[in-house]
Amino acid sequence: MPQPAHDTSIRSAVSGLPVAFAGVEAAAVRLAGRVVRTPLVASPSLTKHVGQPVHLKLETRQPVGAFKLRGAMNALLALDEAARRRGLVTASTGNHGRAVAYAARQAGVPATVCMSALVPANKVEAVRALGAEVRIVGCSQDDAQAEVERLVSERGLTAIPPFDHPEVIAGQGTIGRELLEDLPDLALILVPLSGGGLAGGIALAVKTLRPDIRVVGVSMQRGAAMAASIAAGRPVDVVEEETLADSLGGGIGLANRFTFPLCRALLDEVVLVTEDEIAAGIRHAAVEQVETVEGAGAVGIAALLAGKVRPAGPTALIVSGGNIDPAAHRRIVNGESA
C-alpha cells in the first residue's frame with residue numbers, strides 16, 4: 001500500500017536524526033523492572049470538554065514523582081563501571097536532579113546536583129534526602145550547568161545531562177512506546193516542552209511507529225527556550241523567569257546537538273500557555289482527577305481547557321510530574337495567588 005506523502009516525509013526525517021529509534025528499544029529493555037510502567041487513565045471531564053476521548057499518562061507515579069527517572073536511569077545503566085565509580089553530576093531544575101540522585105543511590109555511586117536559586121525549596125530538599133550533594137549556583141540553569149562543567153573538568157565526575165543526551169532522550173522515548181501499546185487508536189499527544197528530552201524522545205518513538213499521530217509541545221509563555229529556538233530556526237538564549245511551570249525553565253544550550261533537531265523536525269506544533277491557564281490546569285487535575293500535579297505537568301490540561309489545542313481524535317496528555325510544594329498547591333487549588 002502506498003504511504004501518504006506526509007508519512008513518507010516524516011519517516012525520512014526520522015532516519016536522518018542524531019538519535020535513532022533503536023536507542024528507545026534498547027532503553028525499554030534496560031528499564032524493565034527499574035522504572036514504573038505508568039498508568040494511562042481516562043479523563044471524563046476533559047473528554048466532555050473537547051468532545052474526544054482524553055487520557056492522562058501519569059508519570060507522577062514514578063518513584064521520584066516525575067518522568068525524569070526514565071532518562072536518568074537509562075543513561076546511568078549505559079555507562080561503563082569506571083564512569084559510574086567516578087561519581088555522577090548534573091544540572092537540574094529539580095526533577096532530573098532527583099532522578100539522578102535516586103538512580104545513583106540504587107547503583108551505589110555518589111551524585112552531585114547543581115541547581116539555581118530559582119529551584120523551589122521542596123525540590124532541593126527532595127534531592128538532598130536521596131543522599132546527593134546539592135550545589136546552589138546563580139539564578140539560571142545556565143549558571144548551574146557552568147558548575148557542572150567545572151566539576152567535570154576539576155574532579156573528573158561523569159555528567160548526565162538533563163535532556164541533550166542520546167540515552168536520556170531514549171529513556172524518555174519509552175513513554176511513546178507505552179502510549180501506542182495502551183491506546184492503539186491514538187491521534188494526538190500533548191507533551192510538556194522544555195529542553196526537549198521528553199518531547200523529542202516521545203516524538204521519535206511515535207513518529208517512527210505511527211507517523212500520522214500529531215505530537216504537540218506545550219510550554220509556558222515565560223521563558224520558553226525551545227519554543228523560541230524553533231521559531232528562530234536555531235538554539236537561542238532566553239531570560240529565565242519565575243513560573244508555575246518551574247520544571248520547564250532554563251535554556252536548551254546554544255551548542256544543543258540532539259533535542260533541538262528532534263523537536264524542530266518532529267513536533268507538529270508548539271503552543272504556549274499563560275500562568276493563569278497553568279493554574280487552571282493544576283486546579284482541574286486536583287478537583288476533577290484527584291491528582292496532585294505540578295505546573296509543568298499541567299500544561300497539557302491547560303492547553304485543552306483554554307482551547308489552544310482542538311483534538312480530532314483520541315488524545316493523550318503527558319502528566320510529567322507531581323512535585324509541587326504542598327502549600328503552593330493548596331493556594332492554587334483554592335484560587336489564591338501561588
Side-chain angles (χ1 to χ4, degrees), residues 6 9-21 23-24 27 57 59 67-68 70-71 75 93 95-96 141-142 145 161-177 179 188-238 240 245 247-273 296-297 299-300 303 308-309 316-318 320-321:
H6 174 69
S9 64
I10 288 292
R11 291 186 188 280
S12 176
V14 168
S15 66
L17 288 170
V19 182
F21 177 66
V24 178
K57 180 66 166 169
E59 287 297 299
F67 76 95
K68 287 285 193 176
R70 295 174 185 261
T93 54
N95 287 335
H96 177 68
Q141 182 80 338
D142 290 340
Q145 181 59 37
F163 51 86
D164 197 37
H165 185 284
E167 302 298 354
V168 171
I169 294 165
Q172 323 305 22
T174 59
I175 296 173
R177 291 177 81 258
L179 286 174
L188 170 66
I189 305 171
L190 300 188
V191 189
L193 177 63
S194 178
L198 178 63
I202 289 176
L204 174 64
V206 169
K207 294 292 188 179
T208 299
L209 299 170
R210 284 275 309 279
D212 58 300
I213 295 176
R214 293 184 69 230
V215 182
V216 176
V218 188
S219 198
M220 68 291 181
Q221 287 187 349
R222 293 183 177 177
M226 183 62 80
S229 297
I230 292 173
R234 68 187 192 286
V236 296
D237 285 326
V238 298
E240 192 168 342
S247 292
L248 302 185
I252 69 166
L254 296 181
N256 186 292
R257 297 174 57 201
F258 303 106
T259 59
F260 175 71
L262 284 167
C263 291
R264 179 177 58 177
L266 300 180
L267 293 182
D268 293 284
E269 185 181 2
V270 174
V271 299
L272 304 180
V273 289
V299 294
K308 292 186 172 179
V309 180
L317 311 185
I318 310 302
S320 56

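The structure presented is a predicted model; accordingly, all values stated were derived computationally and were not measured.
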To check you understand the geometry: which heavy-atom pair defines the closest contact between Ala245 and Val299, and what is its length? CB-CG1, 4.4 Å

Indicate the atoms forming the closest heavy-atom contact of Val168 with Pro162, along with that distance. CG1-O, 3.7 Å

Could you report the tightest heavy-atom contact between Gly249 and Thr93, atom names first, then the distance? O-CG2, 3.7 Å

State which residues pass salt bridge (Lys or Arg N to Asp or Glu O under 4.0 Å) with Arg214; sequence neighbours excluded, sorted by chain then number. Glu269

Side chain Lys57, main chain Gly176, donor-acceptor under 3.5 Å: no

Applied to residues 253-266, the side chain to side chain donor-acceptor pair (under 3.5 Å) test, sequence neighbours excluded, yields Asn256-Thr259

My understanding is that only residues two or more places apart in sequence, or in another chain, count here; which of them pass salt bridge (Lys or Arg N to Asp or Glu O under 4.0 Å) with Glu240? none

Under the criterion side-chain contact (heavy atoms from CB on, under 4.5 Å), which of Leu267, Val218, Val215 is the partner of Val191? Val215

Pairwise distance OG(Ser320) to CG(Asn95) - rounded to 0.5 angstrom: 7.5 Å

What's the spacing between Ile189 CD1 and Arg210 CZ if we round to 0.5 Å? 9.0 Å

Return the set of residues passing side-chain contact (heavy atoms from CB on, under 4.5 Å) with Ala227 (not counting sequence neighbours), or none when no residue passes. Ala224, Val270, Leu272

How long is the gap from CG on Asp212 to CG on Leu188, to the nearest 0.5 Å? 11.5 Å

Quick one, Phe258 and Leu17 - any side-chain contact, counting heavy atoms below 4.5 Å? no

Please round to the nearest 0.5 Å and tell me the distance separating atom CG of Asp237 and atom CG of Leu254. 4.0 Å

Go through the steps for Val271 and Leu190 under the test side-chain contact (heavy atoms from CB on, under 4.5 Å), then give the verdict. CA-CA 10 Å; Val271 299; Leu190 300 188; over 6 Å; no

Looking at every non-hydrogen atom in both residues, tell me the closest pair between Gly300 and Leu317 and how far apart they are. C-CD1, 3.9 Å

Closest heavy-atom contact between Phe163 and Ile169? O-CG1, 3.4 Å

Is it true that a side-chain atom of Gln172 and a backbone atom of Gly71 form a donor plus acceptor pair closer than 3.5 Å? yes

Sub-4.5 Å side-chain heavy-atom contact between Ile175 and Phe67: yes

Exam field: side chain Asp268 to backbone Val216, donor-acceptor pair closer than 3.5 Å: no

Which residue pairs pass the salt bridge (Lys or Arg N to Asp or Glu O under 4.0 Å) test when at least one of the two sits in residues 161-173, sequence neighbours left out? Arg30-Glu167

Sequence neighbours left out, cut at 3.5 Å: what donor-acceptor pairs do the side chains of residues 192-206 make with other protein atoms?
| from | atom 1 | to | atom 2 | distance (Å) |
| --- | --- | --- | --- | --- |
| Ser194 | OG | Leu248 | O | 3.0 |

Could you pull out the closest heavy-atom pair between Leu266 and Lys207, with the gap in Å? O-CE, 3.4 Å

